[in-house]
Amino acid sequence: MRNIVILISGSGSNMAAIAQTAQREQWATKYGAKVASVISNKADAAGLQWAQAHGIATDVLDHKVFANREAFDAELAKRIDAYDTPQSPALVVLAGFMRILTPGMVQHYAGRLVNIHPSLLPAFAGLNTHQRAIDAGCQFAGATVHQVTAELDHGTILAQAVVPVFLNDDARTLAVRVLSQEHRIFPQAIAKLLAQNAIK
Ligand code: GAR
């Protein structure tokens, strides 16, 4: 069995979309994969409750109690690696996980660490993507699923979705439109990786 470990910081709607797709499309039978754990760096992340209600193991690791990024990542890696199996290392999915990982951490999970970013990368890496797209006068915005590398919001693009930006949009209305597409492309991109057996 390939365990999928999903890291979140907030509402976890992408995590829920992935878990629901895994169930509906029977990833366990098709790919030998299951969403095994959801880990949040915030104890009040709403996604934790959703995961618990759906029988997924949850864990909280508050980054604020660690002296530095390296110490936090070391403990996080320990908890994730508990989901490696003798057959396969865990697939690690960043689904609204708002922490930057150290290069050592990224290296440890190279080839099996994916992220979703709410812009059409390489445009608008970083924060406040929707406001920045509106301010730049973009007529289209979107989301990108990509492999994680040491450089923030870079790495091989696995999937993208495009949405229109309307004249009366604000960051909130645009975010809702983009998020609905995230829920479609993120599970698809993961299923594709699993189907291709592309994870090292
Ligand atoms: C999503 O829009 C995701 O793309 C974004 O946070 C939101 C999480 O929503 N991620 C980033 O900005 C990462 N830099 P969710 O918790 O409902 O899935």
Side-chain angles (χ1 to χ4, degrees), residues 1-10 12-43 45 47-48 50-52 54-63 66 69-117 145-150 152-159 182-183 185-200:
M1 185 60 70
R2 156 97 56 194
N3 284 324
I4 302 172
V5 177
I6 305 184
L7 308 189
I8 66 168
S9 298
S13 68
N14 276 293
M15 172 275 297
I18 293 162
Q20 282 170 323
T21 305
Q23 202 69 39
R24 194 178 60 245
E25 295 183 353
Q26 302 186 353
W27 288 3
T29 317
K30 264 194 198 159
Y31 312 126
K34 70 160 196 277
V35 177
S37 169
V38 173
I39 305 176
S40 173
N41 65 312
K42 298 204 164 185
L48 289 171
W50 189 95
Q52 279 155 15
H54 289 78
I56 302 169
T58 61
D59 199 357
V60 175
L61 192 60
D62 181 355
H63 60 275
F66 290 86
R69 236 176 243 288
E70 283 71 21
F72 172 71
D73 279 6
E75 181 58 30
L76 183 58
K78 206 190 280 177
R79 305 219 187 165
I80 295 171
D81 294 348
Y83 288 92
D84 288 349
T85 65
Q87 297 81 30
S88 339
L91 169 62
V92 186
V93 174
L94 307 182
F97 185 65
M98 304 305 279
R99 301 291 307 162
I100 293 175
L101 299 173
T102 54
M105 184 81 170
V106 172
Q107 182 57 38
H108 182 65
Y109 296 103
R112 56 189 177 102
L113 179 59
V114 296
N115 180 48
I116 192 155
H117 183 74
V145 181
H146 65 98
Q147 300 269 12
V148 177
T149 58
L152 181 69
D153 297 331
H154 280 66
T156 306
I157 291 174
L158 302 173
E182 295 185 36
H183 297 163
I185 63 170
F186 209 1
Q188 267 179 9
I190 294 168
K192 198 167 162 193
L193 282 178
L194 294 168
Q196 291 169 339
N197 212 5
I199 304 146
K200 284 177 218 153

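Side-chain contact between I6 and I56 is absent, with no heavy-atom pair separated by less than 4.5 Å. For the pair K42/D62, no side-chain contact is recorded, criterion being any heavy-atom separation below 4.5 Å from C-beta on. At least one side-chain heavy atom of F186 sits less than 4.5 Å from a side-chain heavy atom of I18. In this structure, W27 and I190 have side chains that are in contact, with non-hydrogen atoms separated by less than 4.5 Å. Side-chain contact between Q147 and V114 is present, with at least one heavy-atom pair separated by less than 4.5 Å. Put simply, the side chain of D153 reaches to within 4.5 Å of the side chain of N115, judged on heavy atoms. Contact of the L194 side chain with the L91 side chain is registered, since non-hydrogen atoms from C-beta on lie closer than 4.5 Å. Between I39 and F97, every side-chain heavy-atom pair lies at or beyond the 4.5 Å cut-off.
Within a 6.0 Å radius of NZ in K30, more than 12 heavy atoms belonging to other residues, nucleotides or ligands are found. A 6.0 Å sphere centred on CD of Q23 holds no more than 12 heavy atoms belonging to other residues, nucleotides or ligands.
Taking CG of L193 as the reference point, atom CD1 of I4 lies at 9.5 Å (rounded to 0.5 Å). Here the straight-line distance linking atom CD1 of I185 with atom CD1 of I116 works out to 4.5 Å at 0.5 Å rounding. Atom CZ of R79 sits about 8.5 Å away from atom CG of L76, to the nearest 0.5 Å. Here W50 contributes atom CH2 and Q20 contributes atom CD; the two are 4.5 Å apart, rounded to the nearest 0.5 Å. Interatomic distance, CD of Q196 versus OH of Y31, reported as 10.0 Å (0.5 Å rounding). Atoms CG and CE, from L94 and M15 in turn, are 13.5 Å apart once rounded to the nearest 0.5 Å.
Without hydrogens or angle criteria, D73 side chain to M105 main chain gives no donor-acceptor distance under 3.5 Å. T85 places a side-chain N or O within 3.5 Å of a backbone atom of M1 that can act as its donor or acceptor partner. Of the possible donor and acceptor atoms, none in the side chain of R2 sits under 3.5 Å from a partner among the backbone N and O of A90. Between the S9 side chain and the M98 main chain, a donor and an acceptor come within less than 3.5 Å of each other.
A donor-acceptor contact closer than 3.5 angstrom links the side chains of Q52 and T58. Under the 3.5 Å distance criterion, with hydrogens and angles disregarded, a donor-acceptor pair is assigned to the side chains of H108 and D81.
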K34 and N3: CA distance, side-chain angles, deciding distance, side-chain contact (heavy atoms from CB on, under 4.5 Å) verdict: CA-CA 5 Å; K34 70 160 196 277; N3 284 324; 3.5 Å; yes

Output, in order, the C-alpha distance, side-chain angles, deciding distance and verdict of side-chain contact (heavy atoms from CB on, under 4.5 Å) for R99 and L61. CA-CA 12 Å; R99 301 291 307 162; L61 192 60; over 6 Å; no

Take V35 and V93 through the test side-chain contact (heavy atoms from CB on, under 4.5 Å) and record every step on the way to the result. CA-CA 10 Å; V35 177; V93 174; over 6 Å; no

Would you check, one step at a time, whether the test side-chain contact (heavy atoms from CB on, under 4.5 Å) holds for Y109 with L101? CA-CA 11 Å; Y109 296 103; L101 299 173; over 6 Å; no

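Using cut-offs of 30° and 60° on the angle between ring planes, the pair H63 and F72 is perpendicular.
Nearest approach of A95 to N14, heavy atoms of both residues: CB-CB, 4.0 Å. Heavy-atom minimum distance, G10 versus A45: O-CB, 3.4 Å. A pairwise comparison of heavy atoms in P187 and E182 identifies CD-O, 3.9 Å as the closest pair. Shown here for L48 and V38, the closest heavy-atom pair between the two residues is CD2-O, 4.2 Å.
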